Asker: 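The structure under discussion is supplied below as structure tokens; questions concerning it will follow.
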Amino acid sequence: TESAPSSTLIPVSTLESFHNFLRSPNCKTILALVGAGLSASSGLSTFRGSGGLWKQYNAIDLATPDAFLDDPGLVWQFYAYRRHKALQAQPNLGHYVLAKLSKLADINFLTITQNVDGLSQRSHHVPEKLLEFHGSLFGMRCTNFSCSYEEQNNYNDPLCEALRVDNFDQTDALPFLDEQDLPHCPACKVGLLRPAVVWFGESLPLQMIDKADEFIVQNKVDLMLVIGTSRAVWPAASYVDIIRNQGGKVAIFNTEPDDDEKDCWQFIGDSAETLPLAME
Ligand code: BV8
Ligand code: ZN
């Protein structure tokens, strides 16, 4: 018999035992935890693998309130670049499999995505079953505390002339941008706008945590899909142990095997290939 595509060799025993569980009557509630790896084959570099223009910067150092206070122009160029790339990218089969699961009537399903690229939303995932835990590259928030500007999505690219990406894509040295050249709030006119993402050291919006906790408390999660994430970031990573401690099963979809993980299914390969195979 012909084997699965060369890059995705899933042992038949893994697939069979997973499918037996998935199709059994006691697999009614599924929670997916998604990370940058799900968007990798859509061409978006993972957080730790971000190469190219940003190789000289560590993404974690730029995704912080201090970095923005210190040099908003640099941080805005980082986000303008990622917005530009995310708008050029297309959701892949892995995103569509999760979107399909979100439409099934006979299971309780929720996706917690750590990604801010908007690809899960663009794959027509049922919105009520998608938690963008770290916000979105396209959300815009006013930094003027006394302003009542409602956070809203802005898909313009470029956001403003100074942030036109092809200006700085081919050069190594990024230009220093003055604050007045950066996006400002249309409501109060004075507030500098910032991307509505959760930076390191910032708390996640409470309603996100509440919705995730509500789902876990209301339905005992039978199966957790851990897709394309290094599980280095908290509190998103904590849900795997929470579910396992409640007796839920875990399936990991990653290009790297996780040798510490014993009692779980591991699908090694590109999640754009392994998810459709596993969840068919
Ligand atoms: C908070 C938005 C309370 C911005 C992001 C408790 C313990 C330890 C640390 C902490 C803790 N509590 C808080 C912290 C600090 C911090 C943290 O977790 N630091 C880490 C680095 C140790 N957490 C926070 O600050 C959080 N806030 O807890 O608030 C608080 C308040 C004040 C003070 C203290 C606490 C906020 C975290 C949110 C940060 N914002 N994103 C932006 O994106 O610009 S997180 C950002 O990094 C991404 O969104 C993403 O979530 C994360 C990267 O993680 P991954 O998605 O897993 O991506 P990664 O590249 O790491 O891995 C990719 C994986 O895919 C790899 O495993 C790879 O093998 C695999 N892969 C690659 N290709 C494929 C693939 N798999 C399948 N197919 C492929 N093709
Ligand atoms: Zn404002």
Side-chain angles (χ1 to χ4, degrees), residues 3-24 26-42 44-49 91-102 107-115 117 119-120 123 125 129-131 133-134 212 215-216 220-280:
S3 66
S6 60
S7 61
T8 308
L9 282 180
I10 300 178
V12 174
S13 59
T14 305
L15 209 51
E16 267 175 7
S17 78
F18 181 71
H19 280 161
N20 288 342
F21 178 73
L22 190 65
R23 293 162 187 161
S24 71
N26 42 12
C27 182
K28 279 280 151 261
T29 299
I30 301 178
L31 173 62
L33 175 66
V34 161
L38 178 67
S39 296
S41 71
S42 295
L44 296 183
S45 59
T46 61
F47 233 71
R48 279 149 188 74
N92 61 58
L93 263 180
H95 294 103
Y96 285 110
V97 164
L98 297 178
K100 196 178 109 195
L101 287 171
S102 75
I107 58 163
N108 292 318
F109 183 71
L110 179 71
T111 293
I112 294 177
T113 184
Q114 302 171 89
N115 298 338
D117 56 34
L119 291 183
S120 280
S123 63
H125 193 295
K129 298 186 178 181
L130 174 65
L131 294 184
F133 244 36
H134 298 154
F215 180 81
I216 291 170
K220 181 193 160 305
V221 176
D222 303 307
L223 173 62
M224 180 151 196
L225 309 176
V226 182
I227 307 158
T229 177
S230 62
R231 289 188 279 159
V233 173
W234 295 77
S238 59
Y239 290 95
V240 185
D241 288 341
I242 292 171
I243 299 309
R244 186 178 270 140
N245 295 340
Q246 287 177 346
K249 301 260 190 212
V250 173
I252 296 179
F253 296 79
N254 201 302
T255 38
E256 309 294 325
D258 187 335
D259 304 333
D260 310 348
E261 289 289 352
K262 297 298 167 244
D263 57 339
C264 71
W265 292 281
Q266 295 210 39
F267 296 94
I268 311 297
D270 176 0
S271 49
E273 290 179 24
T274 54
L275 256 179
L277 283 172
M279 303 309 289
E280 65 190 8

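Along the sequence shown, the residues carry numbers beginning at 1. In this text, all values refer to a predicted model and were calculated from it rather than measured experimentally.
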Asker: How long is the gap from NZ on Lys249 to CZ on Arg244, to the nearest 0.5 Å?
Answerer: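 One finds 10.5 Å between NZ of Lys249 and CZ of Arg244.
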Asker: What distance do Ile10 atom CD1 and Leu277 atom CG have between them, rounded to the nearest 0.5 Å?
Answerer: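 So the gap between those two atoms works out to 4.5 Å.
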Asker: Identify the two heavy atoms, one from Leu15 and one from Ala278, that lie closest to each other, and give their separation to 0.1 Å.
Answerer: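 Reported closest heavy-atom pair: CD1-CA, 4.0 Å.
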Asker: Considering residues at least two apart in sequence or located in another chain, which fulfil the side-chain hydrogen bond (donor to acceptor under 3.5 Å, both in side chains) criterion with Gln266?
Answerer: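 Partners of Gln266 under the side-chain hydrogen bond (donor to acceptor under 3.5 Å, both in side chains) test: none.
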Asker: Once you round to the nearest 0.5 Å, how far does OG1 of Thr29 lie from CZ of Phe109?
Answerer: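 Between atom OG1 of Thr29 and atom CZ of Phe109 there are 11.5 Å.
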Asker: Determine the minimum heavy-atom distance between Ile107 and Cys27, stating which atoms define it.
Answerer: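 Nearest pair, atom of Ile107 first, then Cys27: CG2-O, 4.3 Å.
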Asker: Is there a side-chain contact between Ile243 and Leu33 (heavy atoms, below 4.5 Å)?
Answerer: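 No, their side chains stay 4.5 Å or more apart.
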Asker: Leu275 vs Leu38, test: side chain to side chain contact (heavy atoms under 4.5 Å, CB included). Steps then yes/no.
Answerer: CA-CA 10 Å; Leu275 256 179; Leu38 178 67; 4.0 Å; yes
Asker: Quick one, Asn108 with Leu110, criterion side chain to side chain contact (heavy atoms under 4.5 Å, CB included). Give me CA distance, side-chain angles, the key distance, then yes/no.
Answerer: CA-CA 7 Å; Asn108 292 318; Leu110 179 71; over 6 Å; no
Asker: Taking atom NZ of Lys100 and atom CG of Leu93, what is their separation to the nearest 0.5 Å?
Answerer: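 Rounded to the nearest 0.5 Å, the NZ-CG separation comes to 10.0 Å.
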Asker: Please report the closest heavy-atom contact between Ser271 and Pro276, naming both atoms and the distance.
Answerer: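 Taking Ser271 first and Pro276 second, the nearest heavy atoms are O-CD, 3.6 Å.
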Asker: Going by ring-ring contact (aromatic ring centres under 6.0 Å, His included), name the residues that satisfy it together with Phe267, two or more places apart in sequence or in a different chain.
Answerer: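 Phe267 satisfies ring-ring contact (aromatic ring centres under 6.0 Å, His included) with Phe18, Phe253 once adjacent residues are dropped.
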Asker: Check whether any side-chain N or O of Ser123 sits under 3.5 Å from a backbone N or O of Ser120 as a donor-acceptor pair, and report yes or no.
Answerer: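 Yes, because the side chain of Ser123 sits within donor-acceptor range (under 3.5 Å) of the backbone of Ser120.
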Asker: Look up atom CG in Leu119 and atom CG in Asn92, then write down how far apart they are to the nearest 0.5 Å.
Answerer: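 Interatomic distance, Leu119 CG to Asn92 CG, rounded to 0.5 Å: 7.5 Å.
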Asker: Taking C-beta and beyond as the side chain, do Ile30 and Leu22 meet within less than 4.5 Å on heavy atoms?
Answerer: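 SC-SC contact between Ile30 and Leu22 confirmed.
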Asker: What is the minimum heavy-atom distance between Thr111 and His125, and which atoms define it?
Answerer: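 Nearest pair, atom of Thr111 first, then His125: OG1-NE2, 2.8 Å.
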Asker: Pair Val226, Asp258 - check side chain to side chain contact (heavy atoms under 4.5 Å, CB included), show working.
Answerer: CA-CA 11 Å; Val226 182; Asp258 187 335; over 6 Å; no
Asker: Testing the basics here: between His134 and Gln114, what is the closest heavy-atom pair and its distance to 0.1 Å?
Answerer: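 That would be ND1-O, 3.1 Å.
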Asker: Hey, does Leu31 have a side-chain heavy atom less than 4.5 Å from the side chain of Ile112?
Answerer: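 Answer yes - side chains close enough.
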Asker: Please check if the distance between the ring centroids of Tyr239 and Phe215 is under 6.0 Å.
Answerer: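 That pair fails the under 6.0 Å test.
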Asker: With side chain to side chain contact (heavy atoms under 4.5 Å, CB included) as the criterion, how do Glu280 and His19 come out once you've worked through the C-alpha distance, each side chain's angles and the decisive distance to 0.1 Å?
Answerer: CA-CA 9 Å; Glu280 65 190 8; His19 280 161; 4.2 Å; yes
Asker: Spell out, as yes or no, whether a donor-acceptor pair under 3.5 Å connects the side chain of Asn254 to the backbone of Glu256.
Answerer: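 Yes; at least one donor-acceptor contact below 3.5 Å.
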Asker: Do Ile227 and Leu98 come close enough that some side-chain heavy atom pair is under 4.5 Å?
Answerer: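 The answer is yes, as the side chains (C-beta and beyond) meet within the 4.5 Å cut-off.
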Asker: Once you round to the nearest 0.5 Å, how far does NE2 of His95 lie from OG1 of Thr113?
Answerer: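 Answer rounded to 0.5 Å: 7.0 Å.
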Asker: Considering non-hydrogen atoms only, spot the tightest contact between Asn115 and Ala36 and give its length.
Answerer: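 Closest heavy-atom pair between Asn115 and Ala36: OD1-N, 2.9 Å.
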